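Worksheet: one structure, shown below.
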Amino acid sequence: MRTQVGIIGAGPAGLFLSHLLARAGIDCVVLEARSREHIEGRVRAGVLEQGTVEVMRALGLDARLTRECMIDNTLDIRFRDGLIHLDLPALTGGKHVTIYGQQEVVKDLVAARLAGGGPLLFEAEVLALDGIDGKAPTIHYRHAGAEHALPCEFIAGCDGFHGVCREAFPPGALTTFDRVFPFGWLGILSESPPITEMTYVNHAHGFALCSRRSPRVSRLYVQVAADEDPEQWPDQRFWDELRVRLGEGAGELVTGRILQKGVTPVRSFVAAPMRHGRLFLAGDAAHIVPPTGAKGLNLAVADVRVLARALGEFFRTGNPGRLDRYSDTCLTRVWKTVRYSTYMTNLLHRFEAHSPFERQLQQAELAYVAGSRIGGAMIAENYVGLPFDDD
Ligand code: FAD
Ligand code: DHB
């Protein structure tokens, strides 16, 4: 087997890229370390920007999404002295976000890829890359108990934060930027109808978030210690704490059977440049944003959109111009998104190290946004998604 583009990882970045390349008539192979059941069951993101939905639509992959998604036109932020209610279409010239679970996106993209003939290999773990400085790189992977080599023209490293591709850059070729926040999010999925509005909470006990996955399934988070053991949070403790943090907003809260519970770290990480030779990084392999603002998956889609276009131009015309600009084009958007996610994280969380002065500033910022159309519009236009940076 040989291919034009070897894609490592079948998360959103790798799967979207495989569809975009297939549509452009470019041959690719996707290698995924985990099983299909595992990647389809992984509970993660749920908020899709309009640009992400448009990519699914353009690929003809939006049939189930259109039937089952929920459109969100508002974002509420509760804080000590009040409520910020953001009307997204009014503040952004008609835009909204779409609620549809990441694992549903993954299921739709996997099914369509396999129906289109793949190749998409599960339980195919990439062990090493070589030749990324030349014109014929090779991916070495293990599948069904044997080791294989996949010669390619390009490699797309879509293997997430813990993958092998970033490590394949030669020493000194990457600069990394990292900020680890001193807390995490305890997230649950609950079999209970969600509260009406997507709600972020800044409370003296810490951040909370009420989101949803369907009319009958809520996705709820509370800020906890970075190293928190979910076992310390029996169901009743979670509901009691969420109720306290929601304050007046708790009136609407309905509890239910908890289906899943886990702790997510809150961190920012950027690796630059996102390309070395014939290896291109995309999605979480190159950058992580704090979850506040729901940007990670959307950023992965924005990267592979740029990459697919650049590879398309190269294979059509031989012009490497867009490939050469890939990293700069993506990083402009990445840093704007890091800025926004950091702003939202700082605005909404309890920082143990904050002085009384800093706590007052945080409340003043919330009160300012509550009373300012411009302050609200800044949050809203980032939340619905910045325009794609097309060059
Ligand atoms: P991944 O989804 O991590 O996929 C990488 C894939 O590569 C994996 O399947 C992995 O198994 C595979 N892989 C790794 N190593 C190898 C190897 N050696 N060989 C082969 N395969 C390999 N983002 C949003 O936009 N909106 C949200 O609402 C949101 N909420 C979130 C909530 C939580 C709790 C979490 C944890 C994240 C959230 N995110 C959100 C972030 C989002 O989930 C990620 O940014 C997204 O999954 C990135 O996609 P990816 O394809 O780059 O990486
Ligand atoms: C989710 C929603 C958000 O608005 C966010 O910032 C992070 C995660 C979610 O639905 O999982």
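Predicted, not measured: the structure shown is a model, and the values here were computed from it.
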Heavy-atom side-chain proximity of [X] to [Y] below 4.5 angstrom:
X    : Y    : value
V304 : V306 : no
R42  : I39  : yes
Q50  : H96  : yes
S214 : E68  : no
E197 : L75  : no
V263 : W185 : no
K107 : R64  : yes
R179 : R267 : no

Cation over ring face, [X] and [Y], 6.0 Å, 45°:
X    : Y    : value
R278 : F154 : yes
R305 : F16  : no
R309 : F314 : no

When clusters are formed by joining ILVMFWY residues with side-chain heavy atoms under 4.5 Å apart, either directly or through shared neighbours, do [X] and [Y] land in the same one?
X    : Y    : answer
Y343 : L88  : yes
F207 : L220 : no
M378 : M198 : yes
Y368 : L86  : yes
L297 : Y221 : no

For the [atom1] atom on [X], are there more than 12 heavy atoms of other groups (residues, nucleotides or ligands in this structure) within a distance under 6.0 Å?
X    : atom1 : answer
E147 : CD    : yes
R142 : CZ    : no
R2   : CZ    : no
R216 : CZ    : no
R237 : CZ    : yes

Of all the heavy-atom pairs spanning [X] and [Y], show the shortest one and how long it is.
X    : Y    : answer
A156 : L307 : CB-CD2, 4.2 Å
A112 : L61  : CB-CD2, 3.3 Å
C28  : R113 : SG-NH2, 4.3 Å
A308 : L21  : CA-CD2, 4.0 Å

Taking [X] first and then [Y], would you say they form a salt bridge - that is, a charged N and a carboxylate O separated by under 4.0 Å?
X    : Y    : result
R57  : E54  : no
K261 : D235 : yes
R212 : D72  : yes
R36  : E123 : no

**Request:** Please check if the distance between the ring centroids of W335 and Y340 is under 6.0 Å.
**Result:**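 No, ring centres 6.0 Å or more apart.
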
Give a yes or no on whether the backbone of [Y] and the side-chain of [X] come within a donor-acceptor separation of less than 3.5 Å.
X    : Y    : answer
Q362 : H349 : yes
S341 : T337 : yes
K295 : N382 : yes
N73  : V97  : no
R275 : G277 : yes
R333 : L386 : yes
S190 : S218 : no
S35  : H38  : yes
Q223 : R350 : yes

Pairwise distance [atom1]([X]) to [atom2]([Y]) - rounded to 0.5 angstrom:
X    : Y    : atom1 : atom2 : answer
I155 : D130 : CD1   : CG    : 8.0 Å
L209 : I77  : CG    : CD1   : 10.5 Å
Y326 : M274 : OH    : CE    : 3.5 Å
I84  : I379 : CD1   : CD1   : 6.0 Å

**Message:** Could you tell me if D76 and T199 have a donor-acceptor pair between their side chains, going purely by distance under 3.5 Å?
**Reply:**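 Note: T199 and D76 side chains miss the donor-acceptor criterion.
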
**Asked** Is there a donor in the side chain of S355 and an acceptor in the side chain of E358, or the other way round, less than 3.5 Å apart?
**Response** yes

**Asked** Can you check side chain to side chain contact (heavy atoms under 4.5 Å, CB included) on T138 and H140, steps first, answer last?
**Response** CA-CA 6 Å; T138 302; H140 299 275; 3.8 Å; yes

**Sequence neighbours excluded - salt bridge (charged side-chain N to carboxylate O under 4.0 Å, His left out) pairs with any residue from residues 17-35** = none

Mutual orientation of the aromatic rings belonging to [X] and [Y] [parallel < 30°, tilted 30-60°, perpendicular > 60°]:
X    : Y    : answer
W233 : F238 : perpendicular
F183 : F351 : perpendicular
H276 : F169 : tilted
H205 : H203 : perpendicular

**Request:** Could you walk me through whether F280 and C330 pass side chain to side chain contact (heavy atoms under 4.5 Å, CB included), step by step?
**Result:** CA-CA 11 Å; F280 292 78; C330 291; over 6 Å; no

**Request:** With side-chain hydrogen bond (donor to acceptor under 3.5 Å, both in side chains) as the test, would you mind laying out the steps for Q260 and R219 before giving the verdict?
**Result:** CA-CA 10 Å; Q260 189 261 357; R219 177 74 169 144; 3.2 Å; yes

**Asked** L48 and V105: side chain to side chain contact (heavy atoms under 4.5 Å, CB included), yes or no, with the steps?
**Response** CA-CA 10 Å; L48 307 185; V105 174; 4.1 Å; yes

**Request:** Please lay out, stage by stage, how Y100 and D62 fare under the test side-chain hydrogen bond (donor to acceptor under 3.5 Å, both in side chains).
**Result:** CA-CA 11 Å; Y100 190 66; D62 63 325; over 6 Å; no

**Asked** Would Q363 and N202 satisfy side-chain hydrogen bond (donor to acceptor under 3.5 Å, both in side chains), going step by step from the backbone distance to the final call?
**Response** CA-CA 9 Å; Q363 293 302 314; N202 171 307; 3.2 Å; yes

**Message:** Checking H162 against D284 for the side-chain hydrogen bond (donor to acceptor under 3.5 Å, both in side chains) test, could you report, in this order, the C-alpha distance in whole Å, the side-chain angles of both residues, the deciding distance, and whether it holds?
**Reply:** CA-CA 9 Å; H162 301 287; D284 279 15; over 6 Å; no

**Residues forming a ring pair (Phe, Tyr, Trp, His ring centres under 6.0 Å) with H85, sequence neighbours excluded** =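 For H85 there are no ring pair (Phe, Tyr, Trp, His ring centres under 6.0 Å) partners, ignoring immediate neighbours.
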
